[in-house]
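Only one structure is covered here, and it is reproduced in the block below.
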Amino acid sequence: MAKDIFYTALDIGTSKVCTVVAQVGPEGELKVVGVGLVPSQGVEKGRIVDIAEAQEAIQSSINEAQRYLGNRIPSIFVSVSGAHVTCFNSSGMIHPDSEEKPVTRENIERLVQSSYPDIPVDKQILHVIPVNYVVDGYRGVRNPVGLHAGRVQVESHVVLGERDILSKTTHAVENCNIPVGGMVLSPLASSEATLYQDEKEMGVVLADIGAGITDLAIFKDGSLWYNASIPVGGNQLTRDLSVALGMPYYFAEDLKEKWGHASPDGSESGEEVLLPSFQGQPRRLIRRTLLCKPLIERLQETLGLLQVKIQQTGMTRFPPGGVVLTGGTTKIPGLAELATKVLGCSVRVASPMGIRGLSHEQNKPAFSTVIGLLLWSIKNHSQKGLYSSKGDWNSGEPKTFFQRIRSAVQVR
Ligand SMILES: Nc1ncnc2c1ncn2[C@@H]1O[C@H](COP(=O)(O)OP(=O)(O)OP(=O)(O)O)[C@@H](O)[C@H]1O
Ligand SMILES: [Mg+2]
């Protein structure tokens, strides 16, 4: 029964390692039953640089989440991000056996598998996502299964990761005696928890600004169309502040979280902050606007880099859905205002949606990836093979979130 199925997700970030175990309730609601949150170690910008350290953090996070559960976690979905992840769009075509017979699921699986070229040996496919089907010249077909057609084409979005880096991640997790159930691109996971289907249909840019990386995903016509990452995040803001104030990193981190503001007019002018004492120096007061200056400059630069990445795709303006920001760094007040000014489009900051049982501490943008991973694992639970189609969730009548979960679980 659905209520006995546990879904587990692991987000290995630059600042934190987080495991969340959830269960689908009788009403189809997704409820968190265990959380393991520990500081990250041995990880830099999406890459495991010290497998023993990373494994220790992963093990502690899993143990903590398992403690609430009482059972062993059967398998786990893991997030993947970083500069080693690349993507391209590709297309393929088939002529089904006969126009007399409807197109089958097997036909479509074969089509999708054939829609991308051979992959270099050092790369591994993470996702092949059918973006659009063209049936006998008609574009925009959501699901050709059951149609009578002489020719079916597909445009796919292919996401690749570096084999070595992915296998290090797999080893670090599987050495904790839990098999990896799947690996999911981080911003694709975050999108599951933060974006409305309407935004994906209209076209939207999602940016997850974490501690070491800003992950980017662009959606068009309901599907992932582009993804990239920028090696800048909140750690850089803290480093800048630490240099500007001549203070150690951990003081700067605390000051950033307590007093940081991203909008030049947002903090009351004249407001002052008492800095902690360091190296026996007396404590001193500085204007809050002065403290925020390096943070704002770095955020402006990061948003500028984001804009360049988007322009490099050939897009000349932002999609109608605008920009959705998530990730721990978006906790800084005033970021939506700053981003609206820099990017010149509508911007909203998103926390994870569609789950119960998260504490106030966890119901924050830093948890969008891990919660999205859970939602992704439920959605793709019944699907085999490499690709995840838009399938069940997008077809037919629009459904509420809980209805979608229920139907995804009932597929089993
Ligand atoms: N109130 C706040 N103001 C500004 N920054 C904040 C605030 N709270 C948290 N942060 C920053 O959020 C970052 C952590 O975000 P998050 O947990 O999303 O990163 P991560 O997933 O561990 O890293 P990554 O995704 O980059 O590998 C840290 O840099 C932290 O300083
Ligand atoms: Mg992250």
Side-chain angles (χ1 to χ4, degrees), residues 9-20 35-49 54 57-58 61 78-85 165 169 184-194 206-217 227-242 249-263 266-267 273 288 291-292 294-296 298-299 302 306 325-336 338-339 349-352 360-373:
L10 170 69
D11 179 24
I12 309 169
T14 308
S15 72
K16 65 175 190 315
V17 174
C18 185
T19 305
V20 177
V35 176
L37 178 64
V38 302
S40 185
Q41 54 184 31
V43 180
E44 267 174 30
K45 298 185 189 293
R47 175 191 284 257
I48 291 185
V49 290
I58 292 166
S61 166
V78 183
S79 64
V80 175
S81 67
H84 70 103
V85 180
I165 295 178
T169 305
V184 184
L185 177 71
S186 286
L188 182 61
S190 302
S191 74
E192 293 289 336
T194 55
L206 174 74
D208 183 324
I209 315 178
I213 309 174
T214 295
D215 281 313
L216 167 69
N227 61 271
S229 76
I230 301 166
V232 181
N235 285 356
Q236 194 67 51
L237 270 70
T238 308
R239 236 171 270 133
D240 292 349
L241 188 61
S242 148
Y249 186 90
Y250 52 89
F251 279 152
E253 177 70 22
D254 192 48
L255 289 165
K256 177 184 82 170
E257 291 192 16
K258 279 198 186 118
W259 299 102
H261 206 295
S263 175
S267 49
V273 176
R288 188 177 175 191
L291 182 146
C292 295
L295 304 178
I296 293 172
R298 182 62 71 177
L299 284 168
T302 308
L306 193 71
L325 299 176
T326 194
T329 295
T330 65
K331 277 292 290 169
I332 191 163
L335 183 60
L338 180 74
V349 170
S351 291
H360 177 67
E361 269 309 293
Q362 295 147 4
N363 201 358
K364 289 183 178 163
F367 294 87
S368 295
T369 305
V370 74
I371 299 304
L373 260 175

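All heavy atoms count here, side chains included; hydrogens, waters and symmetry mates do not. Each ligand, and each atom within it, is numbered from 1 in the order the structure gives.
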So if I count the atoms of ligand 1 from 1 in the order they appear, which ones are less than 4.0 Å from some heavy atom of Ile213?
26 (O)
Ligand 1 atoms nearer than 4.0 angstrom to some heavy atom of Gly327 are 18 (O)
Hey, is Lys45 touching ligand 1 through its side chain, its backbone, both or neither, going by heavy atoms under 4.0 Å?
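Looking at Lys45 and ligand 1, no heavy atom falls under 4.0 Å.
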Applying a heavy-atom cut-off of 4.0 Å, say which part of Asn235 lies close to ligand 1: side chain, backbone, both or neither.
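Asn235 to ligand 1: contacts from backbone and side chain alike.
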Polar side-chain atom of Ser61 near backbone of Val38 as donor-acceptor pair, under 3.5 Å
no
Say whether, by atom type as modelled, one donor and one acceptor occur between the side chain of Ser263 and the main chain of Gly334 under 3.5 angstrom.
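No; zero donor-acceptor contacts below 3.5 Å.
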The one among Lys16, Lys256, Lys331 that brings a heavy atom closest to atom 5 (N) of ligand 1:
Lys256
Where the closest heavy atom to atom 6 (C) of ligand 1 is concerned, which of Ser79, Gly328, Ser229, Pro187 has it?
Gly328
[atom1]/[X]: more than 12 non-hydrogen atoms of other groups inside 6.0 Å:
| X | atom1 | result |
| --- | --- | --- |
| Lys364 | NZ | yes |
| Gln41 | CD | yes |
| Arg298 | CZ | yes |

Using a 3.5 Å cut-off on N or O atoms only, is Ala211 in polar contact with ligand 1?
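There is such a contact, yes.
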Polar contact flag for Ile12 and ligand 1 (N/O pairs, less than 3.5 Å)
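Such a contact does not occur with ligand 1.
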Which heavy-atom pair separates Val370 from Cys18 by the least distance, and what is that distance?
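Residues Val370 and Cys18, closest heavy atoms: CG2-O, 3.6 Å.
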For [atom], what is the closest protein heavy atom, and at what distance to 0.1 Å?
| atom | answer |
| --- | --- |
| atom 27 (O) of ligand 1 | Thr14 OG1, 2.6 Å |
| atom 31 (O) of ligand 1 | Glu253 OE2, 2.4 Å |
| atom 4 (C) of ligand 1 | Ile332 CB, 3.7 Å |
| atom 8 (N) of ligand 1 | Glu257 CD, 3.7 Å |
| atom 14 (C) of ligand 1 | Ser15 OG, 3.5 Å |
| atom 25 (O) of ligand 1 | Gly210 CA, 3.9 Å |

Criterion side chain to side chain contact (heavy atoms under 4.5 Å, CB included) on Thr369 and Asp208, from CA distance to verdict
CA-CA 8 Å; Thr369 305; Asp208 183 324; 3.0 Å; yes
Would a 4.5 Å heavy-atom cut-off, applied to side chains only, mark Leu299 and Thr329 as touching?
yes
Run the side-chain hydrogen bond (donor to acceptor under 3.5 Å, both in side chains) test on Asp11 and Ser79 for me, step by step, so that the C-alpha distance in whole Å, both residues' side-chain angles and the decisive distance to 0.1 Å come before the verdict.
CA-CA 5 Å; Asp11 179 24; Ser79 64; 2.8 Å; yes
